[in-house]
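Encoded as structure tokens, the structure appears first; notes follow it.
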Amino acid sequence: MTDAPEPAPEPSGPPPVRRLDARSLRALAHPLRMRVLELLTLDGPDTATGLCRRLGENTGTVSWHLRHLADHGFIEEETGRGTRRERWWRAVAVSRQLDTTEFRDDPDSRGALSVYVQELVQQHFHQVAGYLAEDWDPAWRDAGTVTQWHDLRLTSDQLAALNAELADVVDRHRAASGAGRDAGAEPEGADEGRDADAAARPVIIQLQSFPRKERDER
């Protein structure tokens, strides 16, 4: 299971991977902490005051959760910005990965695993529902998709290979979106590239793929 990473300012490849262990899972598995991390990941740095306004929580509560996330390496202070009284926080740019099989037989982590997975699924649902409820121009409305295929029969190895192949496609497009930006000289077609950059928006890609039990197995 892979949580959505924070995009680097000028992405040219996949972010580094952080595998969640039992300690970090228990530190993250709280509805408000996960919501705070989601906002910092998707929308960029913010302060406790700014997050309070968006979340409808009091400053003391949000500040405590920010410190907790920082203590466990999920967020970091943005240095050179803010004051001693009002610090800016940003999500650490990593791809968070969780192998659920490592925790299902651990009674100390089972509750945290349940909270984490349920909150993550809820986040994904609300992201899709929010997109569907928003007004978009026809080009973006036609480009987005909520699609399901249910007519495949695969082995576990085939499903893992399919997921890896789809992840490679995302990595290829991520690299292409940042290709050539560090070059000193502008390549041929630079004007078209700048136009494309100006038209680009943040995009969320969700992937859920899982086996389904047959009727006589339920």
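Using a 4.5 Å heavy-atom threshold, the side chains of Pro16 and Val94 count as touching. At least one side-chain heavy atom of Tyr116 sits under 4.5 Å from a side-chain heavy atom of Leu20. Contact check for Leu152 versus Gln158: no side-chain heavy atoms found under the 4.5 Å cut-off. Contact of the Arg90 side chain with the Leu40 side chain is not registered, since no non-hydrogen atoms from C-beta on lie closer than 4.5 Å.
For the atom pair CZ (Arg87) and CD (Glu76), the distance works out to 12.5 Å, reported to the nearest 0.5 Å. Expressed to the nearest 0.5 Å, how far CD1 of Ile75 lies from CG of Leu69 amounts to 5.0 Å. Distance CG/Leu42 to CG/Leu37: 9.0 Å, rounded to 0.5 Å. Note that the CG atom of Leu120 and the CG atom of Leu98 stand 9.0 Å from one another [nearest 0.5 Å]. Atom OG of Ser63 sits about 10.5 Å away from atom NE2 of His65, to the nearest 0.5 Å. Atom CG of Asp46 is separated from atom CG of Leu51 by 4.0 Å, given to the nearest 0.5 angstrom.
Two different hydrophobic clusters hold Val92 and Trp88 under the rule that ILVMFWY side chains link at heavy-atom gaps under 4.5 Å. Both Trp136 and Val203 are members of a single hydrophobic cluster when ILVMFWY side chains are connected at heavy-atom separations under 4.5 Å. Residues Val115 and Val117 do not share a hydrophobic cluster, clusters being chains of Ile/Leu/Val/Met/Phe/Trp/Tyr side chains in contact below 4.5 Å.
For the residue pair Leu25 and Ser109, the shortest heavy atom distance occurs at CD2-O, 4.3 Å. Counting all heavy atoms, side chain and backbone alike, Glu86 lies closest to Ala48 at OE1-N, 4.2 Å. Nearest heavy-atom pair across Ala29 and Ala112 is CB-O, 3.2 Å. The two residues Val128 and Val146 make their nearest non-hydrogen contact at CG1-CG2, 3.9 Å. Nearest heavy-atom pair, Ala27 versus Arg33, reported as atom, atom and distance to 0.1 Å: O-NE, 2.6 Å. Contact record, Trp140 with Ala199: CZ2-O, 3.7 Å, taken as the closest heavy-atom pair.
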Check your understanding: Under the side chain to side chain contact (heavy atoms under 4.5 Å, CB included) criterion, do Arg54 and Asp43 qualify, and how do the steps go?
Key -> CA-CA 12 Å; Arg54 301 166 69 186; Asp43 296 333; 2.3 Å; yes

**Study point:** From CA spacing to verdict: side chain to side chain contact (heavy atoms under 4.5 Å, CB included), Asp106, Leu113
**Key:** CA-CA 10 Å; Asp106 179 2; Leu113 176 63; over 6 Å; no

Exercise for review: Go through the steps for Asp99 and Arg19 under the test side chain to side chain contact (heavy atoms under 4.5 Å, CB included), then give the verdict.
Suggested key: CA-CA 8 Å; Asp99 184 352; Arg19 295 184 63 84; 3.5 Å; yes

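Around atom OH of Tyr131, more than 12 heavy atoms belonging to other residues, nucleotides or ligands sit under 6.0 Å away. Around atom CZ of Arg141, more than 12 heavy atoms belonging to other residues, nucleotides or ligands sit under 6.0 Å away. No more than 12 heavy atoms of other residues, nucleotides or ligands lie within 6.0 Å of CG in Asp135, so this atom counts as exposed by the packing criterion.
Using bins of under 30°, 30° to 60° and over 60° for the plane-to-plane angle, the ring pair Trp64/His68 lands in the parallel bin.
A cation-pi arrangement, defined by a distance under 6.0 Å to the six-membered ring centre and an angle within 45 degrees of its axis, is present between Arg18 and Phe74.
Partners of Arg35 under the salt bridge (charged side-chain N to carboxylate O under 4.0 Å, His left out) rule, at least two apart in sequence or in another chain, are Glu38.
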For residues 206-218, tabulate all N or O donor-acceptor pairs below 3.5 Å that involve a side-chain atom, not counting sequence neighbours.
{"unit_1": "Gln206", "atom_1": "OE1", "unit_2": "Gln208", "atom_2": "NE2", "d": "3.3"}
{"unit_1": "Gln206", "atom_1": "NE2", "unit_2": "His124", "atom_2": "O", "d": "3.0"}
{"unit_1": "Gln206", "atom_1": "NE2", "unit_2": "Gln127", "atom_2": "OE1", "d": "3.0"}
{"unit_1": "Ser209", "atom_1": "OG", "unit_2": "Asn163", "atom_2": "OD1", "d": "2.6"}
{"unit_1": "Ser209", "atom_1": "OG", "unit_2": "Asn163", "atom_2": "ND2", "d": "3.1"}
{"unit_1": "Glu214", "atom_1": "OE2", "unit_2": "Arg153", "atom_2": "NH1", "d": "3.1"}
{"unit_1": "Glu214", "atom_1": "OE2", "unit_2": "Arg153", "atom_2": "NH2", "d": "2.8"}
{"unit_1": "Glu217", "atom_1": "OE1", "unit_2": "Glu214", "atom_2": "N", "d": "2.8"}
{"unit_1": "Arg218", "atom_1": "NE", "unit_2": "Lys213", "atom_2": "O", "d": "3.2"}
{"unit_1": "Arg218", "atom_1": "NH2", "unit_2": "Lys213", "atom_2": "O", "d": "3.1"}

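Panel note: side chain Ser177, backbone Arg174; a donor-acceptor pair is recorded below 3.5 Å. The backbone N or O of Asp21 sits less than 3.5 Å from a side-chain atom of Ser24, completing a donor-acceptor pair.
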